[in-house]
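What follows is a short report on a single structure.
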Amino acid sequence: DEAVAKGPWLLGADFSAADIVIGSGLNFAIRNFKMVPTRPSFDRYLDLCVARPAFQRALQISEGS
């Protein structure tokens with residue numbers, strides 16, 4: 001929670017590979033499998049991740065679209 005609360009990304013202002021790994025894992029854990037309880041900071045962070053064009057393309061691929 002502390003890492004994403006500082007934001008906008010895990011390492012501050014710059015999007016990094018850490019955001020790809022943590023963002024995708026957290027997205028599946030919270031939004032797909034309900035394994036992790038959501039928090040406002042997680043929702044904000046995941047909304048930023050999901051809004052990225054590459055994330056959208058990856059979701060389409062995973063859904064078979």
### Message
In this structure, would Ile22 and Leu11 fall into the same cluster of hydrophobic residues linked by side-chain contacts under 4.5 Å?
### Response
no

### Task
Could you tell me which non-hydrogen atom of Ala13 sits nearest to which non-hydrogen atom of Pro8, and how far apart they are?
CA-CD, 4.1 Å

### Query
What residues, two or more places apart in sequence or in another chain, satisfy side chain to side chain contact (heavy atoms under 4.5 Å, CB included) together with Ala58?
none

### Listed partners of Arg57 passing side chain to side chain donor-acceptor pair (under 3.5 Å), at least two apart
none

### Query
Side-chain heavy atoms under 4.5 angstrom apart, residues restricted to Ile, Leu, Val, Met, Phe, Trp, Tyr: same cluster for Val21 and Val50?
no

Listed pairs under 3.5 Å, donor-acceptor, residues 40-48 side chains, sequence neighbours left out:
from, atom 1, to, atom 2, distance (Å)
Ser41, OG, Asp1, OD1, 2.1
Asp43, OD1, Thr38, OG1, 2.6
Asp43, OD2, Thr38, OG1, 3.3
Arg44, NH2, Val4, O, 2.2
Tyr45, OH, Asp19, OD1, 2.8
Asp47, OD1, Arg31, NH2, 2.8

### Summary
For residues 10-41, the ring pair (Phe, Tyr, Trp, His ring centres under 6.0 Å) pairs (sequence neighbours left out) are Trp9-Phe15

### Query
What distance separates Leu26 CG from Arg39 CZ, expressed to the nearest 0.5 Å?
10.0 Å

### Task
Looking only at non-hydrogen atoms, find the nearest pair between Cys49 and Gly23 and report the distance.
SG-CA, 4.0 Å

### Message
Taking salt bridge (Lys or Arg N to Asp or Glu O under 4.0 Å) as the cut-off, I'd like each qualifying pair that reaches into residues 3-12, sequence neighbours left out, listed once.
### Response
none

